[in-house]
Amino acid sequence: MVGNVIHLPRPRSLRTGHEPLAFYVRVGRNDHIEVLELLTAGERGIFGFVVEAPYLDRHEELITEARKRNFDVILDPRTQQMGLPGSYSDALIALPWGKSERHHTVADFEGQSGRARAAKIVEFALSHGCTQLLGPTHLIADPNDPWVHRDIAMMSFTAECIQRAGGNLGLIYPLALPMSVFRDDVRRSAIVAAIGSTPCDAMWLKIENFGDSASGEKATAYIRACRDFHARGLPLVADHIGGLPALGTLAFGAVGGIAHGVTMNQSFGASSWRRPRQEGGGSIPRRIYLPELDMLVMRNVAERFIASSPRVRGRHVCRDTHCCARGLSDMLDRPARHALHQRAREIEKLGSVPHPLRIANYLENARRVSDEVALAASFDKVDEEFRRKLGDKQKALGHFREAMAHLATSSSGESVAIPPLRRAASGGPSE
């Protein structure tokens, strides 16, 4: 670790060897009310909240409550989007490190300009009560991308600014790159070598074209690729990933934590970032989580499915009174609370299993989900469109399970990622 960054994770020698697996929630523009309700109801399975810079004022109450309860509040400065034309908006221009009528280029982060932007980002994070910061990096295309060395320099500038400000801000290296590069041994090794000892307290991986719908072949490639990052000895988190692929990365020890949004942002695609920006669009409707099927579906789909028969209702209406005291009504009317609570329980359950047994436990869970999907597809009164989706899901799960089971036969003795620590355990101050 570099001396000019506060050391949030404990040294390996002081760790118990059985820290819980981490779960972080990306809070979207309109998510704060339901997330705040979940937090004040006593939820402890979540480690922290990622808040995007344009929405910090909007989420002020959530940030205050999160800090009181020793959750991490992580600033996303949105520099990855700001480096491409399709997502550079008025809201980003208004940020202190925006201030440009066009998307950013490498030149905007060179020398004094880069140092000034790093200083503004750190000041912004501290003034809004953040405890950690996703460093000002960009989506890179390959090891020779000019952003690689510019991002490394920006991480050093940011670490220096944190040190001058008193050091009370964790620094995360968010590495974003395409799956085609991440899975390529030569190109990935070149990126790992380039990053080297870049100052940071943890690394987060955001891999384009990977997420909750990933095939077994992609999931196994992702898990193998993560091993290259373990030697650095830092906590490793998979960002923008959900569902069985996310739980698989945890079960196989590829990462020590995951992060995703509230019923969305459970996979990462950047095609819209690259295209010239278009006006229009709106908020994405909240989806309903059906944990037995490992599926997020629109409300009307969930309603029709659950109403199709008493058997379906009995198997798929949430009975967990901690998130859905009124059963189906809460499941449909408070979908964020339901989805996040259930995901937190899935991660806690997996983390409670001793590591040598986690893979077998995970594969059994994948088998159970596959059986539930097959059963749901067999019910006569399920509407035809959803039945087709269930059939496609069942077929994909068959291939997924085969690939993960094959990976399991060659995973003994592999390195295991370090999980991040909760804020209280890492020495973060209580308030």
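Note that the coordinates shown come from a computational prediction; the quantities given were computed from them, not determined experimentally. All residue numbers refer to positions in the sequence shown, counting from 1.
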message = For R367, is the CZ atom crowded, meaning more than 12 foreign heavy atoms sit under 6.0 Å from it?
response = yes
request  = Mark yes or no for whether N365, through its side chain, and N361, through its backbone, hold a donor-acceptor pair below 3.5 Å.
outcome  = no
More than 12 heavy atoms from other groups under 6.0 Å of CD on E385 = no
query = Once the angle between the rings of H32 and H59 is folded into 0 to 90°, is it parallel (under 30°), tilted (30 to 60°) or perpendicular (over 60°)?
reply = tilted
query = Under 3.5 Å, side chain of T220 to main-chain N/O of G216, donor-acceptor pair present?
reply = yes
inquiry  = Would you say that more than 12 heavy atoms from the other residues, nucleotides or ligands in this model lie under 6.0 Å from the CZ of R315, or not?
reply    = no
message = Tell me if the centroids of the rings in H138 and F109 come within less than 6.0 Å of each other.
response = yes
inquiry  = Does R44 have more than 12 heavy atoms from other residues, nucleotides or ligands lying within 6.0 Å of its CZ?
reply    = yes
query = Taking the six-membered ring where the residue is Trp, are the ring centres of F71 and F49 under 6.0 Å apart?
reply = yes
task = I would like to know whether H260 and F23 meet ring-ring contact (aromatic ring centres under 6.0 Å, His included); could you show each step before the answer?
result = CA-CA 8 Å; H260 63 59; F23 176 35; 5.2 Å; yes
message = I'd like to know if the side chain of R423 and the backbone of R69 have a donor-acceptor N/O pair within less than 3.5 Å.
response = no
message = Just to verify, which of I288, L290, D383, V297 counts as forming a side chain to side chain contact (heavy atoms under 4.5 Å, CB included) with F305?
response = L290
Whether F252 and Y362 hold their rings parallel, tilted or perpendicular, with breakpoints at 30° and 60° = perpendicular
message = Would you say the rings of F182 and Y222 are close, in the sense that their centroids are separated by under 6.0 Å?
response = yes
query = Is R343 positioned over the aromatic face of Y289, cation under 6.0 angstrom from the ring centre and no more than 45 degrees off axis?
reply = yes
query = Under the 3.5 angstrom rule, does the side chain of T137 hit a backbone N or O of P174 as a donor-acceptor pair?
reply = yes
query = Hey, are R224 and E414 close enough for a salt bridge, meaning a charged N less than 4.0 Å from a carboxylate O?
reply = no
inquiry  = Using 0.5 Å steps for rounding, measure from the CE atom of M404 to the CG atom of L363.
reply    = 7.0 Å
query = Taking the side chain from D294 and the backbone from G243, do they hold a donor-acceptor pair closer than 3.5 Å?
reply = no
Ion pair R299/D333, N-O distance below 4.0 Å = yes
